[in-house]
Amino acid sequence: MTSADKTAETGVIQTGPVQDKFLGIPIKAMTRRRLANFRANKRGFWSLWIFLILFVLSLGAELVANDKPFLVRYDGGWYFPAFVSYPETTFGGDLPTETDYRDRFVESQIRDKGWILWPPVPFSYATINYELPTPAPSPPTAVNWLGTDDQGRDVVARLIYGFRISVLFGLTLTVLSSVIGIAAGAVQGYFGGLIDLLFQRFIEVWSGLPTLYLLIILASIVQPNFWWLLGIMLLFSWMGLVNLVRAEFLRARNFDYVRAARALGVSDPVIIVRHVLPNAMVATLTFLPFILSGSVTTLTALDFLGFGLPIGSPSLGELLNQGKNNLQAPWLGIAGFLVVAIMLSLLVFIGEAVRDAFDPRKLTT
């Protein structure tokens, strides 16, 4: 059966070696060229590796910064407090409640009959150090490498956990808003006409709503949390990619291969997803790192203003706010600023490398 017969029978265009080309370059070769262009941007390439290393380390924050030890050897037994909760009676204490491993009595009991292995930072993001040499906020010491905040909590631990929650929030918001924005732009651009007109008027009205004011009003009614903030921000952040995807679909919907697919009876959803969307994704992917950095900045700004995550959550914006309120403790503002600046710089450099990788002018050179 020939390729034409298969096309007539299935109603789907059969892509062969000639059709698997873009700008005259076979797709596999084009992918290799894109990867080469990405690696050629050394700043973006190494920024990606640095960001991935920091992100992976933050995903295991409980193994890096925790007020519970990794491993305890006591009276011939092995215990894993970082993963399992043990009552104080397990280690010779009197209380049936969960063990406080920072208590001097418990620590002495364990060391008399074994040993204890702590993580590199023996504090969690909410752990209060009651043995500070000076009143909180305490300056950096050998115990608290970057000092403590105004409540006696370790700054390094809060930075690690704050980095994780900021990146996870940004990634989740970027993925969800991109899915909604790409779908909306695809429907607008592909069908056009009245659907496009109504969608555009709706976006104009919706984008004109004061997002910050709405967040302030809702924060006074509902206690904000991670998912609540994500849902509120998702209501407004999905419009970032709509116009870009819409323009790509308006351009591609009259191409010959799209008309041929319609003539063969291929359904509109199949044409949108299989034939037009891959072309629109080329331009869309270059914007994703910048959307991610914008999402992280939004969460940091909301936390700084006091309308973000719940009080006590590890937050970079809350640490910056503490630095503003405690000018006599410059390590707070400097530490928060450096982490935010490094994170956003890495994301911007990665975005520039992705943009170079998908630049059509560099694909043809």
Side-chain angles (χ1 to χ4, degrees), residues 51 54-55 57-59 61 64-65 121 123-128 136-137 144-174 176-177 210-237 240 289-348:
F51 180 80
L54 294 176
F55 182 51
L57 289 176
S58 69
L59 289 179
V64 179
V121 181
F123 301 95
S124 184
Y125 67 89
T127 306
I128 299 177
N144 302 108
W145 301 341
L146 294 178
T148 64
D149 62 6
D150 56 8
Q151 299 181 36
R153 299 170 299 191
D154 186 72
V155 173
V156 174
R158 293 189 67 80
L159 287 175
I160 295 173
Y161 284 88
F163 180 89
R164 178 175 68 177
I165 198 170
S166 296
V167 176
L168 289 178
F169 181 90
L171 286 173
T172 307
L173 183 60
T174 300
L176 295 179
S177 61
T211 307
L212 181 59
Y213 291 155
L214 290 176
L215 286 171
I216 295 174
I217 294 171
L218 293 174
S220 63
I221 301 174
V222 182
Q223 175 65 38
N225 55 46
F226 181 92
W227 297 108
W228 185 89
L229 281 175
L230 182 65
I232 295 297
M233 295 306 302
L234 184 60
L235 291 176
F236 301 95
S237 62
F290 302 104
I291 295 176
L292 174 58
S293 62
S295 301
V296 173
T297 304
T298 300
L299 178 63
T300 304
L302 289 174
D303 289 333
F304 180 81
L305 296 173
F307 301 109
L309 297 172
I311 297 175
S313 301
S315 167
L316 300 179
E318 189 263 347
L319 186 63
L320 290 173
N321 188 41
Q322 285 199 34
K324 176 182 72 70
N325 296 330
N326 298 275
L327 297 179
Q328 78 282 3
W331 57 87
L332 296 177
I334 293 175
F337 168 76
L338 288 177
V339 171
V340 174
I342 292 173
M343 182 197 314
L344 296 181
S345 298
L346 292 176
L347 291 175
V348 170

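Atom CG of L327 sits in a crowded spot, with more than 12 heavy atoms from other residues, nucleotides or ligands closer than 6.0 Å.
For the side chain to side chain donor-acceptor pair (under 3.5 Å) test, residues two or more places apart in sequence or in another chain that qualify with N144 are N129, D154. With sequence neighbours left out, the side chain to side chain donor-acceptor pair (under 3.5 Å) criterion links N326 to Q328. Listed by chain and residue number, I334 satisfy the side chain to side chain contact (heavy atoms under 4.5 Å, CB included) test with L338 (two or more places apart in sequence, or in another chain). By the side chain to side chain donor-acceptor pair (under 3.5 Å) test, T127 pairs with D67, sequence neighbours left out. Annotation: side chain to side chain contact (heavy atoms under 4.5 Å, CB included) contacts of T300 (sequence neighbours excluded): V296, L320, V340. S345 pairs by the side chain to side chain contact (heavy atoms under 4.5 Å, CB included) definition with F349, not counting sequence neighbours.
Note on residues 292-339: no pairs pass ring-ring contact (aromatic ring centres under 6.0 Å, His included), not counting sequence neighbours. Residue pairs meeting the salt bridge (Lys or Arg N to Asp or Glu O under 4.0 Å) criterion with at least one member in residues 213-229: none, sequence neighbours excluded. Counting only residues at least two apart or in different chains, salt bridge (Lys or Arg N to Asp or Glu O under 4.0 Å) contacts with residues 301-313 are absent. For the salt bridge (Lys or Arg N to Asp or Glu O under 4.0 Å) condition, the pairs that include at least one residue of residues 314-324, sequence neighbours left out, are R153-E318, R158-E318. Among pairs with a residue in residues 146-174, those fulfilling ring-ring contact (aromatic ring centres under 6.0 Å, His included) read Y125-Y161, F169-F226, at least two apart in sequence or across chains. Judged as a salt bridge (Lys or Arg N to Asp or Glu O under 4.0 Å), not a single pair has a partner in residues 215-234 (not counting sequence neighbours).
The structure places CD1 of I291 at 12.0 Å from CG of L347, a figure rounded to the nearest 0.5 Å. From L168, atom CG reaches atom CG of L59 across 6.0 Å, with rounding to the nearest 0.5 Å. Here CG of L299 is found 7.0 Å from CD1 of I165. Values are rounded to the nearest 0.5 Å. One distance of note links CD of Q322 with CG of D149; it measures 4.0 Å at 0.5 Å rounding. A distance of 12.0 Å separates CG of L229 from CG of L234, quoted to the nearest 0.5 Å. Taking CZ of F236 as the start and OG1 of T298 as the end, the distance is 12.5 Å to the nearest 0.5 Å.
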Apply side chain to side chain contact (heavy atoms under 4.5 Å, CB included) to residues L159 and L319 and explain how you reach the verdict. CA-CA 8 Å; L159 287 175; L319 186 63; 3.3 Å; yes
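Side chain of S313 to backbone of S315: no donor-acceptor contact under 3.5 angstrom is found.
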